[in-house]
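See structure below.
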Amino acid sequence: MITITVPNPDVTIIQRKQEMSADTTPIKPIYGFIDFHEIPRDKGGIILFYNSKDELLFVGKARKIRQRVKKHFEDNVSPIKDHRNEVNKIAVIIVEDPMEREIYETYILNTMRAKYNVDKVFFD
């Protein structure tokens, strides 16, 4: 039997409003998120989207995480395109190896039963 232990998220961002002061430059929110800069630009990994009840909505993987996360909120082919307003929290696990990313993604969406994933799903 193979045992898979999913690493803890390296970065977690939540929807929030920017606290403004006189010398603060405003950040334009994307669906309520202003902390995309905390997600590494040139790292690969796993992306987990959660709602306000902490239910897993969608799991994805990417070679460049920040760009992929933003793409989920911008393009019209994202599996969460009709559910973007539900997303309240985004967790990122840095995983550089492509094979490990594939294994973790499949394992997470089948054990945690991500609501909007349709590919690689083996549960009923």
Side-chain angles (χ1 to χ4, degrees):
M1 174 123 212
I2 297 172
T3 302
I4 299 173
T5 304
V6 178
N8 291 326
D10 296 289
V11 177
T12 301
I13 63 172
I14 58 170
Q15 284 182 328
R16 68 181 186 91
K17 293 194 183 303
Q18 183 179 11
E19 295 178 22
M20 299 299 291
S21 63
D23 59 342
T24 304
T25 303
I27 299 171
K28 183 181 176 193
I30 301 173
Y31 284 88
F33 292 95
I34 60 171
D35 296 315
F36 288 109
H37 64 278
E38 293 183 18
I39 300 172
R41 183 183 305 270
D42 294 322
K43 299 271 186 187
I46 305 295
I47 310 153
L48 300 103
F49 295 89
Y50 293 92
N51 65 15
S52 59
K53 298 174 189 168
D54 225 23
E55 297 168 324
L56 184 61
L57 300 175
F58 185 79
V59 178
K61 65 182 183 313
R63 285 182 293 126
K64 295 186 177 185
I65 305 170
R66 187 187 312 174
Q67 291 91 316
R68 189 67 189 114
V69 169
K70 283 185 170 182
K71 205 126 177 93
H72 276 294
F73 288 101
E74 295 167 353
D75 70 21
N76 290 325
V77 295
S78 169
I80 64 166
K81 72 176 184 251
D82 296 328
H83 311 286
R84 291 176 179 140
N85 290 327
E86 284 184 61
V87 178
N88 177 262
K89 178 173 84 173
I90 302 169
V92 171
I93 303 168
I94 306 298
V95 182
E96 288 291 348
D97 181 81
M99 183 59 74
E100 287 182 33
R101 281 196 299 265
E102 187 73 37
I103 292 167
Y104 283 135
E105 179 194 34
T106 303
Y107 179 78
I108 290 168
L109 69 91
N110 280 283
T111 57
M112 297 174 68
R113 300 194 175 203
K115 192 173 181 179
Y116 299 122
N117 282 88
V118 291
D119 296 337
K120 302 178 194 167
V121 175
F122 303 114
F123 61 85
D124 292 321

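Keep in mind that the numbers below use all heavy atoms, side chains included, and drop hydrogens, waters and symmetry copies.
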Does the side chain of [X] reach to within under 4.5 Å of the side chain of [Y], using non-hydrogen atoms?
X	Y	result
K64	D42	yes
H83	L57	no
R66	E38	no

How far does CE of M112 sit from CG of N117, to the nearest 0.5 angstrom?
11.0 Å
Give the minimum heavy-atom separation between [X] and [Y], together with the two atoms involved.
X	Y	answer
N51	K53	OD1-N, 2.9 Å
P9	I93	CA-CG1, 3.8 Å
I14	K89	CG2-CG, 3.8 Å
E105	K61	OE1-NZ, 3.1 Å

Charged N-O contact under 4.0 Å between D75 and K81:
no
Got a sec, which residues hit side-chain contact (heavy atoms from CB on, under 4.5 Å) with E96, two or more places apart in sequence or on another chain?
K43, I94
In terms of relative ring orientation, are F49 and F58 parallel, tilted or perpendicular, with 30° and 60° separating the classes?
tilted
Over 12 non-hydrogen atoms of neighbours within 6.0 angstrom of CE in M20:
yes
Report the residues that fulfil ring-ring contact (aromatic ring centres under 6.0 Å, His included) with Y107, sequence neighbours left out, ordered by chain and then residue number.
none
Using modelled atom types only, decide if a donor and an acceptor are shared between the side chain of R84 and the backbone of H72 within a distance under 3.5 Å.
yes
Please tabulate, one pair per line, all N/O donor-acceptor pairs under 3.5 Å involving side-chain atoms of residues 25-37, not counting sequence neighbours.
residue	atom	partner	partner atom	Å
D35	OD1	R16	NH2	2.9
D35	OD2	R16	NE	2.7

